[in-house]
Amino acid sequence: MHAYRSHTCGELRAEHVGQIVKLSGWVHRKREHANALFIDLRDHYGISQVVVYPTAQFYEAAKRCPSESVITVTGELLKRDEEAVNAEIPTGAVELRADEFIIESGAAPLPLPVFGEQDYPEDIRLTHRYLDLRRETLHKNIIMRGQVINSLRRRMIEGGFTEFQTPILTASSPEGARDFLVPSRLNPGKFYALPQAPQQFKQLIMVAGFDRYFQIAPCFRDEDARADRSPGEFYQLDVEMSFVTQEDVFQAIEPVMAGVFEEFADGREVQTPFPRIPYKESIEKYGSDKPDLRIPFELTDVSEFFTDESKTGFGIFAKITNGGGKVIAIPAPGATDNQSRKFFDSLDKWAKKEMQAPGLGYARLRKEEDGAVVSQDPALKNFDPAHLKALLEKMGLSAGDGVFFSAGKTNDAYKLAGAARNKIAADLGLIPEGVFKFCWVVDYPMYEWDEDNKKIDFSHNPFSMPQAPEGKTAMQVLEEADTDEKKLDILAYQYDIVCNGVELSSGAIRNHKADVMYKAFEIAGYGPEVVEDKFAGMINAFKFGAPPHGGIAPGVDRIVMLLAGTNTIRDVILFPMNGQAQDLMMNAPAQVDKAALKELNIKTVAVDPKA
RNA sequence: GCGGGUGUAGCUCAGUUGGUUAGAGCGCUGGCCUGUCACGCCAGAGGCCGCGGGUUCGAGUCCCGUCACUCGCGCCA
């Protein structure tokens, strides 16, 4: 018989009764009864019940054996009495009578209970990640992650894509985040960068004449964490294709995304085809370029209703709208009827505190005896009746509903309105579960106004191809944009996939023409030397025959996160770092030996706590 | 860098208006129980109330500072 097991803890059934079997696993739970000790023995595959009778000479040892010790038990598999069958588990019809009992590895008192699904502090979970990973939910998530990646890989290969491996030690890449730097021993004073994405490499793979590239690619960015953003590193399904239009990329990727979500949906609905929403429309309707389409209401620009103070009696919004700002209405369906004043006040408080905004005005809409809908709250209280009626029609709201107003500079007003839309929907319970609503967000602007530096800059990836109307070239479009206003109106072949308000991916048709690239950078205020210095590998390659190409890079961690039904990215990563980008289990980052630094020609300096 | 929340037993949490010896559940230890499967019953151990300072006759509770974790803003496709 095998040293450790004849079966796994998940496979024994009635048909095995009478056999001598051997199981190894962890002591999950123990129940001592007058005439028998029951042990739930757990491994990767399941749980089997072991019964130890007091007559066994190892009874005391088994009884004292702590939870999560690893044991090996040999004995006869017994059929359970009818009344004793546990229908909850697949192995519930049988139990293993322990005739031999070996403690392979005892467990010390646990800092983190494995049994049960209770929530525990993040730092303890991360420090003892191997214990947390023994728990059912996390264990399942990690298994699913593997299956999702297998599925993505299979679907890409079936779609005619080839998997490539690009360098980890490389030069700084153009994604705009902070780089992780690695000192070079052989080149004193010089550093590699870890790739923020294999962006330039995958484009160079196209220039090299390969056609359909993909990679489950590790990406490294030294930016602060969020609940849905792991610090330091994450994985993308990185894709690039030659001789394609934006439409070709959509046709290649939409079935992969829809397919993998359907495969793991487990009863949840996946809506296809994915609607396409222009960036501008997304901002105007949802206050965000990652709209949650499950939310059954949209924003309305009501600025025009507040410009004339004589009709509104409300000076604050008049001042904002006349100063070029906007007032955006966010509906709260049914909230006047169903919610207390506290609900409305708490959102205002949330806007001030968490969003660091001036505030979020609100109005509760009630019906007067004569049938007119009015509000006693400040923003609408003194409205001219006909004017109020027109406003309510514009917003599509009636008595019983509530409405919030986000007011300020255009970008700020939409940003707050978008966040408020998400929060209001969540607080009112208006976000349906059990459905994945995707969309493509398209037609991103090529440039945006950089308020800090008072200049035009790239809004996203500088390597996107500017859109040009039929009969015009991209170069012509760039050359004809002779004012800031015209420059800001240029759109790019740049797109995102969003699912349930989670940004899964962005991609673009690339700018593969060297001369257009120089011009595009010139508009953003960068001379040719910047292009040549920063993106030497790519711009040189483009001078030797580059195919038109484009691609996309859906985030693997976020795909798994959505499928696992969690909104914490750490729940789908095997060994994640904490919010401060520390690995509490491995104790990284850490100081290194002076000798190691010397070899790398590096000196560390003390940080002045006051600086 | 900024803002919100949290911090009380190994873990999850309660702790009133500032008032005597800080509680419960889970876990742990010991005992009991003829079959449990979140077993049950009895008993026990276990506390720098995150840390430092202040107010007060008296602080888990109020104030100031600080640290840790977490969520968000900035940042980041």
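What you see is a predicted model; the values in this text were computed from it and never measured.
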### Partner residues of A:D292 under the side-chain contact (heavy atoms from CB on, under 4.5 Å) criterion, sequence neighbours left out
A:R294, A:I295, A:N422, A:I431, A:N500
#### Entry: Which residues share a side chain to side chain donor-acceptor pair (under 3.5 Å) with A:D557, sequence neighbours left out
A:R145
### Query
Is the base of B:rU70 touched by the side chain of A:R570 through a donor-acceptor pair closer than 3.5 angstrom?
no
All N/O pairs under 3.5 Å across the protein-nucleotides 26-30 of chain B interface:
residue	atom	partner	partner atom	Å
B:rG27	OP1	A:R29	NH1	3.4
B:rG30	OP1	A:R64	NH1	2.7
B:rG30	OP2	A:R64	NH1	2.8

### Message
Identify the stems formed by RNA chain B, where each pair is Watson-Crick or G-U wobble with both distances under 3.5 angstrom and a stem is at least 3 consecutive pairs.
### Response
B:1-7 with B:67-73, B:10-13 with B:23-26, B:28-32 with B:40-44, B:50-54 with B:62-66
### Query
Just to confirm, is there a sub-4.0 Å distance from OP1 or OP2 of B:rC75 to any side-chain nitrogen or oxygen of A:R226?
no
### Task
Under 4.0 Å between any heavy atoms, over every strand shown, what does A:K415 touch: base, sugar-phosphate, or nothing? Just pick one.
sugar-phosphate
Show me the protein contacts with nucleotides 3-9 of chain B, counting only N or O atoms at under 3.5 Å.
residue	atom	partner	partner atom	Å
B:rG3	O2'	A:K353	O	3.0

### Query
Does A:R276 have any side chain to side chain donor-acceptor pair (under 3.5 Å) partners at least two apart in sequence or in another chain, and if so, which?
A:E247
#### Entry: A:L504 and A:D496: CA distance, side-chain angles, deciding distance, side-chain contact (heavy atoms from CB on, under 4.5 Å) verdict
CA-CA 7 Å; A:L504 283 185; A:D496 274 14; over 6 Å; no
### Task
Look at the side-chain N and O atoms of A:Q582 and state whether any lies under 4.0 Å from the OP1 or OP2 oxygen of B:rC69.
yes
## Note on the structure
Applying side chain to side chain donor-acceptor pair (under 3.5 Å) to A:Y526 and not counting sequence neighbours gives A:D457
### Message
The criterion is side-chain contact (heavy atoms from CB on, under 4.5 Å); which residues satisfy it with A:P121, sequence neighbours excluded?
### Response
A:D123, A:I124
### Task
List in chain and number order the residues that pass salt bridge (Lys or Arg N to Asp or Glu O under 4.0 Å) with A:E68, two or more places apart in sequence or in another chain; answer none if no residue qualifies.
A:R42, A:R134
#### Entry: Polar side-chain contact A:E32-B:rU36 base: donor and acceptor under 3.5 Å
no
### Contact nearer the 5' end of RNA chain B, comparing A:L126 with A:Q49
A:Q49
### Message
Among residues at least two apart in sequence or on other chains, which ones pass side-chain contact (heavy atoms from CB on, under 4.5 Å) with A:S346?
### Response
none
### Query
Does A:L181 have any side-chain contact (heavy atoms from CB on, under 4.5 Å) partners at least two apart in sequence or in another chain, and if so, which?
A:D179, A:F191, A:A193
### Message
So, does A:R31 get its side chain near the phosphate of B:rC39, meaning an N or O under 4.0 Å from OP1 or OP2?
### Response
yes
### Task
Kindly write out the residues that satisfy side chain to side chain donor-acceptor pair (under 3.5 Å) with A:Y495, not counting sequence neighbours, or none if the list is empty.
none
